[in-house]
Amino acid sequence: MIFNEILISWYSVNKRDLPWRNTSEPYYIWLSEIILQQTQVKQGMPYYEAFVAEFPSVFDLANADESHVLKLWQGLGYYSRARNLHATAKYVANELNGKFPGTYKELLKLKGVGDYTASAIASICFNAPTAVVDGNVYRVLSRVFGIDTPINTTAGNKEFKALAQELIDVKNPANFNQAIMEFGATHCTPKNPDCPTCPFINKCVAYNDRKISLYPVKLKANKAKRKFFNFLVLLSSNNQTILEQRLGKGIWQNLYQFPLIETKSSMGFNDMEALLKRHDLLRNRSFELSLYNRDEVIHKLSHQHLYTKFWIVKLDSSINGIDYNDVKQYAVPILIDKFIEAFNF
DNA sequence: AATCCGGGGCC
DNA sequence: GGCCCAGGATT
């Protein structure tokens with residue numbers, strides 16, 4: 001048997017029953033693919049269910065406020081996906097009468113849709129022979145064919161895309177694409193792949209060279225930078241606090257947070273108190289400062305490690321901010337959400 | 001071609 | 001602590 005026959009045969013027996021596999025409606029496939037970018041099925045599943053329930057059609061999503069979309073996306077990360085999701089929904093609903101483009105080339109023009117997602121939608125919804133290359137495909141193909149070109153390079157991207165395109169079953173691209181990803185996700189896993197029961201055991205170059213753990217080859221990522229975040233949790237005499245929206249570039253764009261002071265190193269109590277006496281928010285106000293978490297909360301992102309302190313700033317005066325009861329309505333980074341849940345305003 | 005962008009899970 | 005995940009946009 002050749003590659004695609006072995007693969008699809010394996011898939012017919014081992015495929016999981018996932019909610020987006022019961023449809024080929026472009027809206028649902030697109031929604032699932034955006035959610036699943038750099039996100040495992042287990043993590044994305046509840047978000048998919050929530051979005052489908054809240055926004056059953058592309059028009060419902062298009063008519064929502066971005067704040068509503070971001071709140072539903074809260075905790076999933078890579079928030080540009082949510083902003084692009086909403087922008088594309090508005091474009092499809094308003095400019096295309098709710099009908100998604102039907103070709104790879106046209107799909108690629110949508111915000112938040114790159115080579116992978118355009119290939120996935122084109123194949124699953126429109127039966128186009130466009131091969132997907134995601135993290136699973138890199139792993140499966142690099143092992144089976146013994147390809148040591150680093151996957152996170154332009155050369156690697158081109159090589160694996162070409163190989164996948166060569167291997168795809170043009171009579172059933174939807175099944176082939178989903179099969180190779182499913183195989184990578186559940187069988188040919190990064191750690192402890194189930195080689196003894198693998199249908200490619202006789203063919204797999206990496207296995208037969210005893211080099212499974214060396215594939216795929218990937219150039220090392222840069223080490224995460226340390227940052228020191230100090231959030232100011234204001235408590236006013238009229239039971240209000242302050243949340244600010246993060247605008248501009250950088251992490252957590254358009255999400256809300258407590259007023260943030262970033263410092264070069266970990267801040268002690270006296271230094272923070274002195275700094276706050278000169279701070280715009282607290283000018284000419286008396287306050288009582290306390291540190292909520294003596295040990296820093298270390299929040300790890302891909303490229304940053306955030307050493308975080310939450311400072312409680314109790315005022316004896318009133319402010320024009322957000323009522324304690326409304327704090328949970330705002331989309332916030334999960335780091336902030338965990339504090340809000342624990343602090344219990 | 002490099003870098004940025006989350007958060008959870010695994011080892 | 002390092003690595004991975006149904007990647008895309010920006011510089």
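Convention: sequence-line order gives letters A, B, ...; per-chain numbering from 1. Values below: every heavy atom of this structure, side chains too, minus hydrogens, waters and symmetry copies.
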Rounded to the nearest angstrom, tell me the gap between atom [atom1] in [X] and atom [atom2] in [N].
X         : N      : atom1 : atom2 : value
Ile334(A) : dG6(B) : CD1   : P     : 13 Å
Asn152(A) : dC4(B) : CG    : C1'   : 14 Å
Lys218(A) : dA2(B) : NZ    : C1'   : 14 Å
Tyr78(A)  : dG6(B) : OH    : P     : 8 Å
Gln74(A)  : dC5(B) : CD    : P     : 19 Å
Ile251(A) : dT3(B) : CD1   : P     : 19 Å

Out of the candidates Val233(A), Ile319(A), Leu232(A), only one should pair with Ile242(A) under the side-chain contact (heavy atoms from CB on, under 4.5 Å) rule; please name it. Ile319(A)

From the list Val133(A), Leu167(A), Asn136(A), side-chain contact (heavy atoms from CB on, under 4.5 Å) partner of Leu141(A) resolves to Leu167(A)

Checking Thr23(A) now: which residues fulfil side-chain contact (heavy atoms from CB on, under 4.5 Å) with it, not counting sequence neighbours? Glu25(A), Tyr28(A), Ile29(A)

Are a donor atom and an acceptor atom from the side chains of Asn238(A) and Ser236(A) found within less than 3.5 Å of each other? yes

Looking at every strand, decide which applies to [X] at a 4.0 Å heavy-atom threshold: base, sugar-phosphate, or nothing.
X         : answer
Gly250(A) : sugar-phosphate
Leu335(A) : nothing
Asn222(A) : sugar-phosphate
Val113(A) : sugar-phosphate
Gln253(A) : nothing
Thr117(A) : sugar-phosphate
Trp73(A)  : nothing
Arg16(A)  : nothing

From the 5' end of DNA chain C to its 3' end, which nucleotides mark the outer limits of contact with chain A, defined by a 4.0 Å heavy-atom distance cut-off (strictly under)? dG1(C) to dT11(C)

Both Lys249(A) and Ser32(A) contact DNA chain C. Which one's nearest nucleotide lies toward the 5' end? Ser32(A)

Using heavy-atom distances to pick each residue's nearest nucleotide on DNA chain C, tell me which of Ala221(A) and Val133(A) is more 5'. Ala221(A)

When the ring planes of [X] and [Y] are compared, do they come out parallel, tilted or perpendicular, using 30° and 60° as the limits?
X         : Y         : value
Phe228(A) : Tyr307(A) : tilted
Phe231(A) : Phe310(A) : parallel
Phe343(A) : Phe345(A) : perpendicular
Phe183(A) : Phe200(A) : perpendicular

Name the residue closer to the 5' end of DNA chain B, choosing between Leu219(A) and Lys191(A) according to the nucleotide with the nearest heavy atom. Leu219(A)

Tell me which of Lys338(A) and Gln304(A) sits closer to the 5' end of DNA chain B, going by the nucleotide each one is nearest to. Gln304(A)

Rounding to the closest angstrom, what is the interatomic distance between [N] and [M] at atom [atom1]?
N      : M       : atom1 : result
dA6(C) : dC11(B) : C1'   : 22 Å
dG8(C) : dG8(B)  : P     : 22 Å
dC4(C) : dC5(B)  : C1'   : 16 Å

Tell me whether the NZ or CZ atom of Arg210(A) lies within the 45° cone about the ring axis of Tyr207(A) and under 6.0 Å from its centre. yes

Would you say [X] reaches [N]'s phosphate, i.e. side-chain N/O to OP1/OP2 under 4.0 Å?
X         : N      : result
Trp252(A) : dC4(B) : no
His299(A) : dG6(B) : no
His303(A) : dC5(B) : no

Please examine the side chains of Phe100(A) and Cys125(A), heavy atoms only from C-beta on, and report whether any two atoms are closer than 4.5 Å. no

Enumerate the residues from residues 33-53 of chain A whose closest heavy atom to DNA chain B is under 4.0 Å, giving them by residue number; use none for an empty result. Gln38(A), Thr39(A), Gln43(A)

Hydrophobic clusters here meaning ILVMFWY residues chained together by side-chain heavy-atom distances under 4.5 Å, can you tell me if Val205(A) and Leu214(A) are in one? no

